[in-house]
Amino acid sequence: MSKVNAIRVSGVSKRFGKFTALNNVGLKAEHGKVTGLLGPNGAGKSTLIKIMTTLLEPEEGKVLVDGVDVIADPSAARERIGLAGQSAAVDDFLTGRETLIMVGRLYGISARESKKRANDLLEKLGLQDAADKQTKTYSGGMRRRLDLGASLVATPKVLFLDEP
């Protein structure tokens, strides 16, 4: 029986007009390991992350996340993925706790379980003292930690961090 990789990318290419952002890219990442994409600005790192997380489609190639083809079955792939993008996607007027509970509810998690997960994540991320303050009062680092918490609410099998 073969082991399913967390991520498997093969032959991925992406163009924007005449500009080639990715050309025949391949990579594998195992479950339980941290894998980093390194390269200069404009190398295509964020483009590849957007493809792996179903936000963009490649012109060519195949991407599997936890064994699911992200192009053929993006909904099933999204059930396995957590994503914290380049900038924190946090509503200024919600509190940190409200943000995490809302994310849980959007994932279809019960109100009770969403509150539990929010409280657990706020503690793990060191945000419990600011949990009931509006996020517009948070520092940049606190906003990033809250955004990370939001990407973990649904306990994804594969977590993508774009410029964490």
Side-chain angles (χ1 to χ4, degrees), residues 3-10 12 14 21-22 25-39 43-58 61-92 94-128 130-131 135 138-164:
K3 183 174 143 182
V4 174
N5 291 101
I7 303 166
R8 175 170 268 188
V9 174
S10 55
V12 168
K14 179 66 180 174
L22 300 170
V25 173
L27 72 89
K28 291 181 195 173
E30 295 179 31
H31 280 284
K33 304 245 176 149
V34 175
T35 302
L37 296 175
L38 301 175
K45 302 176 300 289
S46 292
T47 299
L48 183 58
I49 288 173
K50 287 177 183 174
I51 290 170
M52 293 186 295
T53 58
T54 76
L55 299 174
L56 278 178
E57 285 193 20
K62 187 166 189 147
V63 178
L64 302 176
V65 174
D66 194 40
V68 175
D69 186 324
V70 303
I71 299 155
D73 197 352
S75 294
R78 286 185 204 112
E79 291 175 5
R80 292 161 167 76
I81 293 170
L83 169 64
Q86 282 188 10
S87 52
V90 175
D91 184 297
D92 284 343
L94 294 177
T95 67
R97 187 180 320 279
E98 290 169 338
T99 297
L100 296 181
I101 291 170
M102 177 193 68
V103 170
R105 300 298 288 143
L106 289 171
Y107 274 107
I109 301 168
S110 73
R112 183 178 182 180
E113 183 63 19
S114 292
K115 288 178 189 173
K116 181 184 179 313
R117 290 186 191 185
N119 290 333
D120 290 347
L121 286 165
L122 289 163
E123 184 177 338
K124 286 178 183 170
L125 295 169
L127 294 171
Q128 63 274 29
T135 60
Y138 285 22
S139 69
M142 292 168 73
R143 292 171 68 87
R144 285 298 286 161
R145 283 185 279 153
L146 183 62
D147 191 52
L148 174 61
S151 70
L152 294 169
V153 167
T155 59
K157 291 186 175 192
V158 180
L159 179 62
F160 292 92
L161 306 173
D162 193 356
E163 298 194 26

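Just so you know, these numbers use all the heavy atoms, side chains as well, and skip hydrogens, waters and symmetry mates. Predicted, not measured: the structure shown is a model, and the values here were computed from it.
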In a table with atom names and distances, give each donor-acceptor pair under 3.5 Å that connects a side chain of residues 26-35 to protein atoms at least two apart or in another chain.
from	atom 1	to	atom 2	distance (Å)
E30	OE1	K3	NZ	3.3
H31	NE2	D66	OD1	2.9

| request: Evaluate side-chain contact (heavy atoms from CB on, under 4.5 Å) for M52 paired with V70, printing each intermediate quantity in order. | output: CA-CA 7 Å; M52 293 186 295; V70 303; 5.9 Å; no
Between side-chain atoms of residues 149-164 and protein atoms elsewhere (two or more places apart, or another chain), which donor-acceptor pairs fall under 3.5 Å?
from	atom 1	to	atom 2	distance (Å)
S151	OG	L148	O	2.6
D162	OD1	S46	OG	3.1
D162	OD2	S46	OG	2.9

| Any donor-acceptor pair under 3.5 Å from Y107 side chain to S114 backbone | no
| Would one find more than 12 heavy atoms of other residues, nucleotides or ligands at under 6.0 Å from atom NZ of K50? | no
| task | Please round to the nearest 0.5 Å and tell me the distance separating atom OG1 of T54 and atom CG of D73. | result | 10.5 Å
| Between CG of L100 and CG of N119, what distance do you get to the nearest 0.5 Å? | 9.0 Å
| remark: Nearest heavy-atom approach of A43 to L22 is O-CD2, 4.4 Å
| Considering all heavy atoms of both residues, which atom of P58 and which atom of I71 are nearest to each other, and what is their separation? | CG-CD1, 3.5 Å
| said: If I take atom CG from residue L146 and atom CG from residue D91, how far apart are they, to the nearest 0.5 angstrom? | reply: 10.5 Å
| said: To the nearest 0.5 Å, what is the distance between CZ on R117 and CG on D120? | reply: 9.5 Å
| Taking all non-hydrogen atoms of both residues, which atom of A111 and which atom of R105 are closest, and how far apart? | N-NH1, 3.1 Å
| request: Would you name the heavy atoms of V12 and V9 that are closest together and state the gap between them? | output: CG2-CG1, 3.4 Å
| query | R145 side chain to L125 main-chain N or O, any donor-acceptor pair under 3.5 Å? | reply | yes
| said: Please report the interatomic distance CG(L56) to CG(L48), rounded to the nearest 0.5 Å. | reply: 10.0 Å
| field | Check: G140 main-chain N/O paired with R144 side-chain donor or acceptor under 3.5 Å | value | no
| Should we count NZ of K62 as having more than 12 external heavy atoms under 6.0 Å? | no
| message | Between K14 (side chain only) and E57 (backbone N and O only), is there a donor and an acceptor less than 3.5 Å apart? | response | yes
| query | Does R143 reach the main-chain N or O of T135 with its side chain, forming a donor-acceptor pair under 3.5 Å? | reply | yes
| remark: Residues passing the salt bridge (Lys or Arg N to Asp or Glu O under 4.0 Å) test with K115, sequence neighbours excluded, are none
| remark: Closest heavy-atom pair, A77 versus V68, reported as atoms and distance to 0.1 Å, is N-CG1, 3.7 Å
| Distance-minimising heavy-atom pair for E98 and L94 | OE1-CA, 3.4 Å
| query | Should we say atom CD of E123 is surrounded by more than 12 heavy atoms from elsewhere, each under 6.0 Å from it? | reply | no
| said: Once rounded to the nearest 0.5 Å, what's the spacing between atom OG1 of T53 and atom CG of L83? | reply: 5.0 Å
